[in-house]
Q: 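Sharing a structure below in structure tokens format, with a few things to ask.
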Amino acid sequence: MTTTSPTRHRARAERPLSAEAAALATGPAAHPLHPDHTPTGQLAFGAFFQGVNSSTIWRLPASGDQVAWDSFEALVRTAERGKFAAFFLGEGLRLREHRGVPFELDVAGRPDAQTLLAALAGVTERIGLVATQNTTYNDPVDLARRLQTLDLLSGGRAGWNIVTTDNAWTGENFRRGGYLDHADRYLHAEAFVQVAGQYWRGERIAHDGAHYTVRAQGELPRSAQGSPVLFQAGASPDGQDFAARTADVIFSPHGTLEAAAHFRRSIVERTVAAGRDPAGVKILPGAEIILAATEAEAEEKVRWVRDQQVGPEQAIALLEQYWGRDLSAFDPDGPLPDVPPEVAESGVTRGAGFQFAKAEELTRTWREEATQKGQSILEFARAKAGARRGTFTGSYDTVADRLEEFARLGAIDGLNITPWLIPSGLDDIVDELIPRLQERGVYPSDYAGSTLRENLGLPAV
Ligand SMILES: Cc1cc2nc3c(=O)[nH]c(=O)nc-3n(C[C@H](O)[C@H](O)[C@H](O)COP(=O)(O)O)c2cc1C
């Protein structure tokens, strides 16, 4: 394994922490959040290509094609120019539906992650290639073999984002296994990862568990990084415990400083309880970054991005998921619907945030909130679109200062960035933000090594 130390810029004297960060710190600068956690003060970036979703703007002339090779190649090359640790693909094993038809842009489809990453391995040299792959509907040896192949082909750059997938409609797409209870999904996942690990270590596998019966023999050589890096996404207490026992990196949904600090503490405690070194579990929240040269321009840009992301139809569709009924008669420029929801629990078409919320309570709270803020349906939906993501907006300098603070507090180890435009959405991050983070000494000036494990600062396996 090659290990070269990247040069770190130390041009600036350290600024004092903001009042917000200082209030969150409960310990000295070496351990601000937890006595068992020492911030590295370094950030690693991943580029998260979700494919179909409600945050990428596909309708602009500058948007690429969601399945065309050129889009992926351009995006991954920009990420590698910016020394991103990883290029990351999401997964959905069945199209989301809304009132009986594919939801909004889902109909466009999303290419298979492993096939695509194998092709991208051929046009890149250092960047990690991470496939989101589900443990409920795959088979462990089959998936382990494909991931190990990617790891070998890429010279030790493969990662696996382990997800359990939280919705019944995906279960309906699979005859065997089907939809599992929440706790069962994580037990299933744990057995899955255990078998995959045995396969990667070349062991003879005789696994007879509640979830799998496997007779197999690991057959491929170890990769340059030993085995694929294990990412995990799913932030419930069960999900956190699972990550603390098995994951190298957590793809978390906590993008504010306060939420990220609490999540770090929770993960450190669970990691220590699992008998692992907390330094071996990195946290990279998903994030959207909207930048401009000045604050005023950035504010204007945020408004424009939200307008592009959420039009009148999307606003009505968003509310319909939570009301569980047809709201097409309501004016998007008028107040929130004053009718009760038709469901007990809110729907999950968009997957994020409010799933399984009690619909009656949620819709009442939303109506009150919108009335109080004087928001129309459209304005409310646009505000919610931003609030549901970890969003960093502002001038290049403000966002760099903010991220420096996240790094120094040790709240996060980096970000998984979803560009709102494909393929040019990483350009200003690479050209304007990253140089400022390098000046502040919190972002590497080069790759630390040739494997994903090295570039994330993870111990060898
Ligand atoms: C940041 C993040 C990204 C996720 N990405 C995916 C994905 O691409 N595909 C998928 O099937 N599930 C994805 N999930 C959902 C997880 O599979 C999981 O089902 C869900 O978070 C519920 O688990 P939990 O109750 O432990 O949070 C993601 C979850 C998080 C938090």
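Each ligand, and each atom within it, is numbered from 1 in the order the structure gives. Computation of the quantities below employed the complete heavy-atom set of this structure, encompassing side-chain atoms and omitting hydrogens, waters and symmetry-equivalent molecules. Note that the numbering runs from 1 along the sequence shown for the chain.
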Q: Please find the pair of heavy atoms, one from Pro419 and one from Ile422, that lie closest to each other, and give the distance.
A: CG-CD1, 3.9 Å
Q: Should you measure from each heavy atom of Gly234, which atoms of ligand 1 turn up under 4.0 Å away?
A: 21 (O), 23 (O), 24 (P), 26 (O), 27 (O), 31 (C)
Q: Which atoms of ligand 1 have any heavy atom of Thr132 under 4.0 Å away?
A: 7 (C), 8 (O), 9 (N)
Q: Heavy atoms only: give me the nearest Pro423-Ala62 pair and the separation to one decimal.
A: CD-O, 4.0 Å
Q: Mind checking whether Ser252 has an N or O less than 3.5 Å away from an N or O of ligand 1?
A: no
Q: So for Thr164, does at least one of its heavy atoms come nearer than 4.0 angstrom to any atom of ligand 1?
A: yes
Q: Does the N or O separation between Thr165 and ligand 1 drop below 3.5 Å for any pair?
A: yes
Q: Should Arg306 and Gln309 be marked as a side-chain hydrogen bond (donor to acceptor under 3.5 Å, both in side chains) after you check the CA-CA gap, both sets of side-chain angles, and the distance that decides it?
A: CA-CA 5 Å; Arg306 297 288 175 245; Gln309 287 171 327; 2.7 Å; yes
Q: Consider every N or O of Ala235 and every N or O of ligand 1, then say whether any pair is closer than 3.5 Å.
A: yes
Q: Under 3.5 Å, is there a donor-acceptor pair linking the side chains of Glu91 and Asn134?
A: no
Q: Hey, does Tyr186 sit under 4.0 Å from ligand 1 if you only count heavy atoms?
A: yes
Q: Which residue from Ala233, Pro253, Gly286 reaches closest to atom 30 (C) of ligand 1 through any of its heavy atoms?
A: Ala233
Q: Would you please classify the geometry between the His188 ring and the Tyr212 ring as parallel, tilted or perpendicular, with 30° and 60° separating the classes?
A: tilted
Q: Any idea which atoms of ligand 1 are less than 4.0 Å away from a heavy-atom of Phe251?
A: 1 (C), 3 (C)
Q: Is there a side-chain contact between Leu336 and Thr363 (heavy atoms, below 4.5 Å)?
A: no
Q: Describe, in one word, how the ring planes of Phe242 and Tyr186 are oriented to each other, choosing from parallel (under 30°), tilted (30 to 60°) and perpendicular (over 60°).
A: tilted
Q: Heavy-atom contacts with Gly90 under 4.0 Å: which atoms of ligand 1 show up? List them by number with element.
A: 8 (O)
Q: Consider every N or O of Asn134 and every N or O of ligand 1, then say whether any pair is closer than 3.5 Å.
A: no
Q: Determine the interplanar angle of the Phe49 and Phe72 rings, folded into 0 to 90°, and report it as parallel if under 30°, tilted if 30 to 60°, perpendicular if over 60°.
A: perpendicular
Q: Using a 4.0 Å cutoff against the non-hydrogen atoms of Ser236, which atoms of ligand 1 qualify?
A: 24 (P), 25 (O), 26 (O), 27 (O)
Q: Under the side chain to side chain contact (heavy atoms under 4.5 Å, CB included) test against Ile412, which residue among Ile250, Leu257, Leu284, Leu43 passes?
A: Leu43
Q: Identify which of Val163, Thr418, Asp241 has a heavy atom lying nearest to atom 12 (N) of ligand 1.
A: Val163
